[in-house]
There are 2 protein chains.
Amino acid sequence: MGLSKTEHFTGEQLELAEMAKALAHPARIAILQYLIWTNACVCGDIVDALPLAQSTVSQHLKELKKVGLLKGEIDGTSVCYCIDPIVWKKTEAVFSVFFAQLKNGCDDCC
Amino acid sequence: MGLSKTEHFTGEQLELAEMAKALAHPARIAILQYLIWTNACVCGDIVDALPLAQSTVSQHLKELKKVGLLKGEIDGTSVCYCIDPIVWKKTEAVFSVFFAQLKNGCDDCC
DNA sequence: GAATTGTATCGCAATATTACGATGATTGAT
DNA sequence: ATCAATCATCGTAATATTGCGATACAATTC
């Protein structure tokens, strides 16, 4: 049905899955990298840098904004989209903690 | 159209997005954590530990196997699913490198 | 105020994902 | 050989995602 029973999973699992979902598209990775590598964070520039229509890019920006990785401030006639370093670091930590959970491989069968 | 133009993105972006997609569901996170915390890696146990039908769990296992995070070896009448530590560490590194790209926030507007 | 520019939203179509029950296939036990 | 147990796959339905053009909205400019 496409619906995940969110009530059966832990908050940690839901949070990690949500952040992973936000990163689960190359265009969104590209957007984040573009914002990192340039300090010009205006939407128009992003559209020019991606092989996607303006409306599609706007949707991806919206999803990144939804999870907090981006914050957009209105700057006159355009919008300044920037990475939120706080959320970025927090996300980094969430992934880091998750990956650190594996000490070593399964040792009783493989 | 639901189709991403993969040819327009870098291999790094595609790889990261693919791994993120594999982690973009709480059930798959739960599966991985379950495999970490117990060393009993038989599919049946996983099904019992999740609020999902056996066929659904099998699909999630298949996706984790597709990206290499899991390897499944037939063990008599059941299947031993284990985390592949090599792929795990590699994925961890991919995310780590990605997150490390942000030195500090955008400094010219926010 | 009208035109321009930049971005968001709407509506639609195509595809992907998630989930389940039913069915297969394979192995071990009777 | 039959049966039970275990996991994979198929078929199907519901929902989500992706993408684009068209349009709406907001602010600046003329």
Side-chain angles (χ1 to χ4, degrees), chain A residues 1-9 13-14 17-31 34-35 40-67 70-82 109, chain B residues 1-9 13-14 17-31 34-35 40-67 70-82 109:
Chain A
M1 285 185 294
L3 251 188
S4 48
K5 306 177 178 175
T6 60
E7 66 271 18
H8 295 300
F9 298 103
Q13 290 162 349
L14 292 171
E18 188 188 18
M19 299 313 295
K21 199 161 150 189
L23 300 177
H25 196 289
R28 291 196 285 273
I29 302 293
I31 287 172
Y34 181 81
L35 289 180
C41 28
V42 180
C43 181
D45 296 349
I46 302 175
V47 171
D48 294 341
L50 289 177
L52 295 169
Q54 178 264 328
S55 60
T56 305
V57 173
S58 188
Q59 271 190 54
H60 284 304
L61 290 169
K62 189 180 175 182
E63 292 190 49
L64 290 171
K65 217 163 113 178
K66 194 176 65 183
V67 296
L70 291 191
K71 49 183 179 180
E73 294 184 22
I74 295 172
D75 173 28
T77 174
S78 46
V79 173
C80 169
Y81 269 118
C82 298
C109 57
Chain B
M1 284 185 293
L3 251 189
S4 49
K5 306 178 177 173
T6 61
E7 65 271 18
H8 294 301
F9 298 103
Q13 289 162 350
L14 292 171
E18 189 189 16
M19 299 313 296
K21 199 161 150 189
L23 301 176
H25 195 289
R28 292 195 285 273
I29 303 293
I31 288 172
Y34 181 81
L35 289 179
C41 29
V42 180
C43 182
D45 297 349
I46 302 175
V47 171
D48 293 341
L50 289 178
L52 295 169
Q54 179 265 327
S55 59
T56 306
V57 173
S58 188
Q59 271 190 54
H60 284 304
L61 289 169
K62 189 179 177 184
E63 291 190 49
L64 290 171
K65 218 164 113 177
K66 194 177 67 184
V67 297
L70 292 192
K71 48 182 179 180
E73 294 184 23
I74 295 173
D75 173 28
T77 172
S78 47
V79 173
C80 169
Y81 268 117
C82 299
C109 58

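We name chains A, B, ... by the order of the sequence lines, and we start the count at 1 in each one. Atom set for the values below is all heavy atoms of this structure, side chains included, hydrogens, waters and symmetry mates excluded.
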| request: Hey, can you tell me if B:Phe9 and A:His25 have their rings parallel, tilted or perpendicular (30° and 60° cut-offs)? | output: perpendicular
| Euclidean distance, atom CG of residue B:Leu52 to atom C1' of D:dC7 [Å, nearest integer] | 16 Å
| query | For B:Phe9 and D:dG19, what is the distance between atoms CZ and C1' respectively, to the nearest whole Å? | reply | 11 Å
Enumerate the protein-to-nucleotides 22-30 of chain C contacts in which both atoms are nitrogen or oxygen and the separation is below 3.5 Å.
none

| Which heavy-atom pair separates B:Ile29 from B:Leu23 by the least distance, and what is that distance? | CD1-O, 3.4 Å
| query | If each of B:Ser58 and A:Lys66 is mapped to the nucleotide of DNA chain D with the nearest heavy atom, which maps nearer the 5' terminus, i.e. the 5' end? | reply | B:Ser58
| Using a cut-off of 4.0 Å on non-hydrogen atoms, how would the nucleic acid contact of A:Lys21 be classed: base, sugar-phosphate, or nothing? | sugar-phosphate
| Sidechain-backbone polar pair: B:Arg28 side chain, A:Ala17 backbone, donor-acceptor under 3.5 Å | no
| request: Would you name the heavy atoms of B:Pro51 and A:His8 that are closest together and state the gap between them? | output: CG-CB, 3.1 Å
| said: Expressed as a whole number of angstroms, how long is the span from B:Leu61:CG to C:dT18:C1'? | reply: 14 Å
| Is A:Thr56 near enough to D:dT18 that one of its side-chain N or O atoms lies under 4.0 angstrom from OP1 or OP2? | no
| field | Distance, rounded to the nearest Å, where A:Glu63 contributes CD and D:dT17 contributes P | value | 7 Å
| query | Which heavy-atom pair separates B:Ala27 from B:Leu52 by the least distance, and what is that distance? | reply | CB-CD1, 3.6 Å
| query | Does A:Gln59 have any side-chain hydrogen bond (donor to acceptor under 3.5 Å, both in side chains) partners at least two apart in sequence or in another chain, and if so, which? | reply | none
| request: Rounded to the nearest angstrom, tell me the gap between atom NE2 in A:His8 and atom P in C:dT18. | output: 17 Å
| field | Interatomic distance, A:Lys62 NZ vs C:dC10 C1' [rounded to whole Å] | value | 10 Å
| Over how many whole Å does the gap from A:Glu18 atom CD to D:dT17 atom P extend? | 11 Å
| said: Within the 4.5 Å heavy-atom criterion, are B:Glu18 and B:Leu14 side-chain neighbours or not? | reply: no
| So which heavy atom on A:Leu35 is nearest to which on A:Tyr81, and how close? | CD2-O, 3.5 Å
| task | To the nearest 10°, let me know how far the axis at one end of the helix from C:dG1-D:dC30 to C:dT30-D:dA1 is tilted from the axis at the other, five pairs an end. | result | 10°
| field | Shortest non-hydrogen separation from B:Ala22 to B:Val67 and the atoms involved | value | CB-CG2, 3.7 Å
| Does OP1 or OP2 of D:dG19 have a side-chain N or O of A:His25 closer than 4.0 Å? | yes
| remark: Atom CZ of A:Arg28 and atom C1' of D:dA16 are separated, to the nearest Å, by 12 Å
| request: Side chain of B:Gln59 only, please: which of C:dA8, C:dG11, C:dC20 is the nearest? | output: C:dC20
| message | Measuring to OP1 and OP2 of C:dG6, would you say a side-chain N or O of A:Tyr81 lies under 4.0 angstrom away? | response | no
